[in-house]
Structures are given as C-alpha cells and as structure tokens.
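Predicted model, so just to flag it, every value in this text is computed and none were measured. To find a chain, count down the sequence lines: A is the first, B the second, and so on, and within it residues start at 1.
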Amino acid sequence: MNNAHKPSAAANFAQGLCPPPRGLTLELHATPEEVMRAVDALRVFGQGRHVAERMLFGLALALEECASNIVNHALQRDARQTFRVTLEHTGSAMVIELRDRGPEFDPTQAPAMAKEANDDDRPPGGRGIELVRCYTDEMQYRREGGENVLRLTRRLAAPTGPK
Amino acid sequence: MPLEIQIQQNIGDRKTGAVTVKLAGSLDTATAPELERRLLPVLAGPVKDLVFDLAQLKFISSAGLRVLTVARKQLKERGGQPAFVNPQPQIKEVFDIMQSLPGVPIFQDLAELDAYLAARQRSHEKTA
C-alpha cells in the first residue's frame, strides 16, 4: 500500500480527526529563555489534553525549577550546550523527563529544606527542589549513558494543589 | 509569558511614602534579572516600605522568590520591609510552601494594605 499521501498523526490531530499525540520532545539550549520555552510548551501540551490549570501550574513550576538547575549548574549557562525535555500524557499521569550531559547530579538526594533556617542566610539552591517535591508525586533519577535522567510524575487523579 | 513591571510612588490618595511595584505575568528564571535590575535604583533610595501588588502575577518560581528575598533583606537592614497585596491563590501557595518571607505581611485587598501603611507611616514619623 502506498502511504505517500497518508496524513500524519499531527495533521490528523490538527483537524480534530484523532486524539493528540501522547508525547512531545524538545531539544533546548542552556539558557533561561529556553527553559521558559519548555514551560510554555508544557502549558500548551497540557491544555490540549484538558489537564486542570492548577495542576499545570504545579507541573510548570516543577519543570522550571529542574530545567533551571540544569541550565545554571549542570551546563553552566553555556548556550552551545543542549538538554532535552520530553512531555508525556499517559492517560493517568503527566510525565516530564529531563536529560542532560552535565556532571552526575541526583536532585532526589538533596536534603529537605530546614524549616527553622534563617531565610536571610539560607542559600537559594535547594528551594527549587522543595517546590518540585510539593508539586509532583514521584521524582526518579538515574544516570544513563553519560546523561542525567530525571523523571517527574504527577498523577492526574491526585488533588490539584501541592501534596 | 513575559513580566510587566510598574513602579509607582504614592498611588492615588495614599501619601504613605511607600513605593508600589506592580507585577504582571511571570516572575521566573528568565524575567527575575529584569526585576532585580528595576529594583536597584528603588532600593538605592531611602524607601522603607515596598509594596508588591501581585494581582496580575500568574507564575513565580524560586528565581523570582530570590529577588523578593534579597529586597526584603536590604529593606530590613534599614528598618523597613516589603508587603504583598492581592496574591492569586497559586502564588500565595508557593509563598506558603517556601516560607520564604517570614513575618512579611500579605494582604488580600487594598483597604487592608492602606490601614497597614498608615500605621507604618505613623511609626516612621515617631522615630524620625
């Protein structure tokens, strides 16, 4: 059968002929503007799949924090370097996967923020991880083929606010 | 989503000496440096009360919170402090989670803020 003129899944989605594609992968440069490009893409991706706005807010925040860590620390804001973000809607959860080739770093092992710490003396690093923990159900890390792979999962049936 | 910043002194009938910073949009890793830059001349002056109007702020991350925390620290060193008014629920939630700004007042409307600023002004006049 000749498929030369068969419409793509994306074209069918655009015409409302089939469900939206399950995943989306972005290749991003190590700049803050690219981090926010990923966040904007997440919002559009989630809205297209009817994910609640409050849940999208939390996911956007988690993505912003993790991607900023990659840009600022792993890749040292070197705009020639790139990292990847994959967004996935599994039907029961939203999953965000981040991959970078920076030094090995496992954010899941970052210590919890000390509640009694004097805010003026508290280092800015570590705050973001606390937000990621609050707005996701699972945060999994592995080192694979020289890459840091961080996978954030938020179950869609979960309450929409922080846990 | 960009960030719009409006800095105004003595809005409307208020003669409290406070400076109001209206933020609209997203205070994030890409926009936080711009707020930091715009606050520099404000914090270089004698201001003690800095009011952040957050009614139109839709998103904030730890990069944005860091700028607010630095401003708080600088104001505190001169006996001043920031205040926040009209935060949207998701923004207030982030403040609560981070406990970033302990002791900093957050007001749900301008009437509450006016009463607070008037009291602060009287206090400043007594100590002047």
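- A continuous path of ILVMFWY side-chain contacts below 4.5 Å connects B/Phe107 to B/Val51, so both sit in one hydrophobic cluster.
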Item to check | Worked check of side-chain contact (heavy atoms from CB on, under 4.5 Å) between A/Glu53 and B/Gln90 | outcome: CA-CA 10 Å; A/Glu53 281 299 322; B/Gln90 73 273 21; over 6 Å; no
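- Ionic pairing of A/Arg54 and B/Glu93 is present here: one or more N-O contacts between side-chain nitrogen and carboxylate oxygen are shorter than 4.0 angstrom.
- Residues of residues 27-39 of chain B lying within less than 4.5 angstrom of chain A, judged on heavy atoms, are B/Asp28, B/Thr29, B/Ala30 in numerical order.
- By the rule that hydrophobic residues join a cluster once side-chain heavy atoms approach within less than 4.5 Å of another member, B/Val21 and B/Val47 end up as members of one cluster.
- When the side chains of ILVMFWY residues are joined at heavy-atom separations under 4.5 Å, either directly or via intervening members, B/Met98 and A/Met139 end up in a single hydrophobic cluster.
- Between chain B and the residues A/Ala60, A/Pro32, A/Ala67, A/Gly58, the largest count of heavy-atom pairs under 4.5 Å involves A/Pro32.
- Taken from OG in B/Ser61 to CG in A/Leu131, the straight-line distance is 8.0 Å, to the nearest 0.5 Å.
- When all heavy atoms of A/Tyr135 and B/Val94 are compared, the pair lying nearest together is OH-CG2, 3.9 Å.
- Taking the side chain as every heavy atom from C-beta outward, A/Met36 and B/Met1 never approach each other to under 4.5 Å.
- Under the 4.5 Å side-chain heavy-atom criterion for grouping Ile, Leu, Val, Met, Phe, Trp and Tyr, B/Ile97 is connected to B/Ile106 within one hydrophobic cluster.
- B/Ser62 OG to A/Glu130 CD: the interatomic distance, rounded to the nearest 0.5 Å, is 11.0 Å.
- The nearest pair of heavy atoms linking A/Phe57 to B/Lys58 is CE1-O, 3.5 Å.
- Hydrophobic clustering, with ILVMFWY side chains joined whenever heavy atoms are under 4.5 angstrom apart, groups B/Ile5 together with B/Leu68.
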